Amino acid sequence: MSHPLTASLNPEQRAAVELPPEHALILAGAGSGKTRVLTTRIAWLLSTGQISPAGLLAVTFTNKAAKEMMARITAMMPLNPRGLWVGTFHGLCNRMLRLHHRDAGLPAGFAILDSQDQLAAIKRVMKTLNVDDERYPPRSIAQYINGNKEAGIRAEKAQARDDYSRTQRMIYAEYESQCRREGVVDFAELLLACYELLERNAPLRDHYRSRFQHILVDEFQDTNQLQYAWLKLLTGPNSALFAVGDDDQSIYAFRGARVGNMLDFQKDYHVKHVIRLEQNYRSHGNILNAANAVIEHNRDRLGKQLWTSDDDGEPIRLYEAATDSEEANFLVDEIAAQQRDGIAADEIAILYRSNAQSRIIEHALVAAGLPYRVYGGLRFYERQEIKHALAYLRLVANQDDDNALLRVINFPARGIGNRTVETLTDTARIAGTSLWQAACSAGSGRSAAAVGRFVHMLDNMHVQAQGMALPDVVNMILSLSGLYEYYQNEKEGEERLANLNELVNAAAAFVTEDENDLVAFLANASLEGGEHAAEAGEAAVQLMTIHAAKGLEFHSVFLTGLEEGLFPHDNSLADPKGLEEERRLMYVAMTRARRRLYISLSQSRMLHGQMRYAPASRFLNEVPATLLKYLNRGYAPNSYGSSNTSNTSNDWYAPPATPRHVETPAHGLAIGMTVRHPKFGVGEVVNHEGGANGNVQVNFVQHGTKWLAVAYAKLEPIKA
DNA sequence: CAACTCTGGCTTTTT
DNA sequence: GCCAGAGTTG
């Protein structure tokens with residue numbers, strides 16, 4: 001007698017969807033239909049009349065997820081999306097703060113600083129405070145400030161026991177007052193200000209508490225301390241919090257995510273029902289079994305084992321290259337072969353641990369003429385020309401926005417140099433006014449004339465913007481500011497010019513019933529970075545970091561660079577928690593593949609301009625050997641993935657030695673020689689390149705074949 | 001004031 | 001190896 005909405009769900013999914021109104025934790029494994037459960041639950045609650053749309057609060061982590069959820073809900077039932085509180089933590093806090101800006105002590109049109117803007121603001125504070133930015137790197141100050149805010153700690157409450165932390169606290173305090181003065185709010189502030197608003201304003205809090213009867217949270221393992229505290233404030237006696245997450249996919253601890261929130265949630269909310277979604281609808285059995293085997297090496301887990309009713313499928317293919325370019329060539333060959341087999345290019349992903357790895361892969365793809373798309377890097381609203389245009393728009397909305405003013409006072413160049421800006425800054429500080437006001441009352445002289453022209457231009461923009469439609473405002477400031485002209489004359493300005501035109505389009509597409517669309521448009525630009533820079537259009541192979549791949553799936557996945565130091569990354573090895581997070585990253589990466597998973601590594605790799613020789617990643621030993629297929633001829637089976645022999649050392653075998661350069665050795669080492677290495681023991685020289693400053697490949701009896709730098713390896717010839 | 005050269009540092013990143 | 005920011009020169 002199941003509801004039509006839930007008829008096609010599996011028993012666990014259905015149980016989750018049809019839970020009574022009570023707090024619940026859904027442990028949703030990769031590919032287990034998490035989003036489906038979440039949206040179906042919402043549809044079920046609404047269609048069975050258990051709540052009205054107004055009683056719903058659904059929180060996601062990214063705009064993309066929020067949009068997708070909104071789309072799925074409105075597809076299932078006709079609803080006005082504007083009445084729904086479905087969005088990201090930041091988006092929802094923004095909404096609440098705009099509605100209650102008076103109570104929150106914020107100006108009506110407060111601007112939102114993105115990370116770039118925040119950093120610029122911090123640098124400005126440090127300059128006024130005369131703090132040495134070598135001893136106090138602005139980035140670390142930003143971390144300090146955001147970290148405190150995420151812990152709910154204001155500057156006056158921040159701990160300071162030594163000079164160093166006292167200085168940090170001082171910068172924090174001054175940064176806060178600067179933001180308040182200028183009416184701007186950073187990302188962490190959106191959450192904290194909203195939290196404090198609800199905390200101190202009991203009637204408001206009670207209003208929302210009784211209103212939101214069902215609170216649903218996606219990607220709960222990614223929430224930070226403040227987000228969890230915010231959720232707790234909003235949960236009233238008659239609200240039910242439905243949290244969906246996967247502790248095994250928690251890969252954002254480095255930016256404040258607390259997996260521990262899942263355990264805390266169970267305790268704090270006396271959660272009766274923990275439902276595990278373990279049936280995977282994405283991957284073939286071998287891939288799942290391999291991923292399960294890897295993640296089992298982690299200690300701190302809530303426990304979960306994915307399974308599938310699908311076949312075992314193909315084995316996991318393993319390829320070991322001698323060099324990074326050889327690895328890249330392998331990717332290219334294999335991808336070309338797959339495309340010949342009819343697999344769509346955008347169903348193929350190349351994943352890597354760090355962005356630096358993409359360059360050489362891109363190089364090989366370009367050489368082979370394979371179209372690809374790189375995710376990551378600058379996004380639309382983060383581009384230089386867009387940020388400039390937005391700064392002018394911000395100044396139209398609020399002339400006292402010093403951050404924006406500093407960004408464009410001399411861009412395009414109009415003869416207002418550092419000297420002049422410093423004078424303005426001093427004047428403003430002494431008079432306790434904004435830079436704009438200081439600029440308005442600038443004296444006479446050559447630079448003052450330039451400032452005067454700037455003031456006049458901004459005033460003109462301000463006047464013209466009145467009553468003008470948003471896209472026209474954008475167009476107007478692009479002309480009056482000289483940005484159009486600047487990029488027209490710039491050699492490589494074509495793409496930037498196209499982006500500026502795209503900004504006009506974005507403004508035209510941005511329709512709100514908001515009476516002040518400009519402010520809403522600017523807030524949207526900060527909150528939603530826009531599409532990642534990438535050539536869209538034709539089907540292309542997808543290149544991205546493992547982090548960026550979370551939530552996505554592909555027919556074929558190439559997981560590259562499986563080397564110690566790279567993956568797991570050196571910087572994560574200091575503490576065991578770091579290693580566990582790296583392992584979760586491995587788990588996320590493997591579970592992206594539906595049908596085919598390749599893992600590759602290279603014995604040598606150019607890193608930071610230096611050749612690095614790293615052993616195979618320990619994670620390879622955690623994949624059962626029975627699930628692996630070695631692509632390089634000559635591999636001894638059971639070399640990686642010694643699942644039953646608990647072998648902690650990185651025992652691995654190298655591909656057959658195929659000499660690539662035959663040259664007279666300048667270092668006294670020749671192919672066929674037997675040598676001794678202080679660490680790896682005795683081995684035979686099988687290849688070399690680059691002479692005395694180059695590298696030599698040695699097949700060690702105990703440790704397999706390795707590329708070593710002749711200059712460093714301290715190889716001792718034993719016999720010729 | 002602006003264009004140019006040089007040096008250092010470097011995991012992952014949404015909002 | 002590459003990029004950003006600092007420092008130097010015209």
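Computed from a prediction, not measured in an experiment: that's the story for all the values here.
Among the heavy atoms of the strands, none lies under 4.0 Å from A/Ser526. Using a 4.0 Å heavy-atom criterion, one finds that A/Ile416 contacts the sugar-phosphate atoms exclusively. At the heavy-atom level, A/Ala413 lies under 4.0 Å from the strands shown only through sugar-phosphate atoms. Nucleic acid contact class of A/Gln357 (heavy atoms, under 4.0 Å, all strands): none. Counting non-hydrogen atoms under 4.0 angstrom, A/Asn63 reaches the backbone sugars and phosphates but no base. Using a 4.0 Å heavy-atom criterion, one finds that A/Asp570 contacts no nucleic acid atom at all. Contacts of A/Asp114 with the nucleic acid, taken as non-hydrogen atoms under 4.0 Å apart, are absent.
Between A/Arg359 and C/dC2, a side-chain N or O to OP1/OP2 separation shorter than 4.0 Å is present. At least one side-chain nitrogen or oxygen of A/Thr420 sits closer than 4.0 Å to the OP1 or OP2 atom of B/dC1. When the side-chain nitrogen and oxygen atoms of A/Thr545 are compared with OP1 and OP2 of B/dT13, one or more of them lie within a distance under 4.0 Å. Between A/Asn410 and the phosphate of B/dA2, there is a side-chain N or O to OP1/OP2 separation shorter than 4.0 Å.
Comparing B/dT12 with C/dG5, their C1' atoms are spaced 23 Å from each other, to the whole Å. Taking atom P on both C/dA4 and B/dT13, the two are 16 Å apart, rounded to the nearest angstrom.
For the pair A/His547 and B/dT12, the ring geometry does not qualify as stacking, because the centroid separation below 5.5 Å and plane angle under 30° are not jointly satisfied. The aromatic ring of A/Phe254 stacks onto the base of B/dT12, its centre lying under 5.5 Å from the centre of the six-membered base ring with the two planes under 30° apart.
Distance from the side chain of A/Met606 is smallest for C/dG1 among the nucleotides C/dG1, B/dT14, B/dT15. With C/dA6, B/dT15, B/dT13 as the candidates, the nucleotide lying closest to the side chain of A/Asn355 is B/dT13. Closest to the side chain of A/Arg353, out of C/dC2, B/dT11, B/dT15, is B/dT11. For A/Arg255, the listed nucleotide lying nearest its side chain is B/dT13; candidates were B/dT13, B/dT15, C/dA6. Comparing atom distances between the A/Phe61 side chain and each of B/dT15, B/dT14, B/dT11 picks out B/dT14 as nearest.
Judged by distance alone, the side chains of A/Gln118 and A/Asn146 do bring a donor and an acceptor atom under 3.5 Å apart. Between the side chains of A/Asp218 and A/Thr60, not a single donor N or O lies within less than 3.5 Å of an accepting N or O.
Salt-bridge annotation for A/Arg612 and A/Asp570: present, with a side-chain N of the basic residue lying under 4.0 Å from a carboxylate O of the acidic one. A/Arg301 has no carboxylate O lying under 4.0 Å from a charged side-chain N of A/Asp247, or vice versa, which leaves the two without a salt bridge.
Not less than 6.0 angstrom separates the ring centroid of A/Phe567 from the ring centroid of A/Tyr352.
Distance A/Leu585 CG to B/dT12 P: 11 Å, rounded to the nearest Å. Taking atom CG of A/Asp133 as the reference point, atom P of C/dG7 lies 9 Å away to the nearest angstrom.
Between A/Ala548 and A/Leu552 the shortest heavy-atom distance is O-CD1, 3.8 Å.
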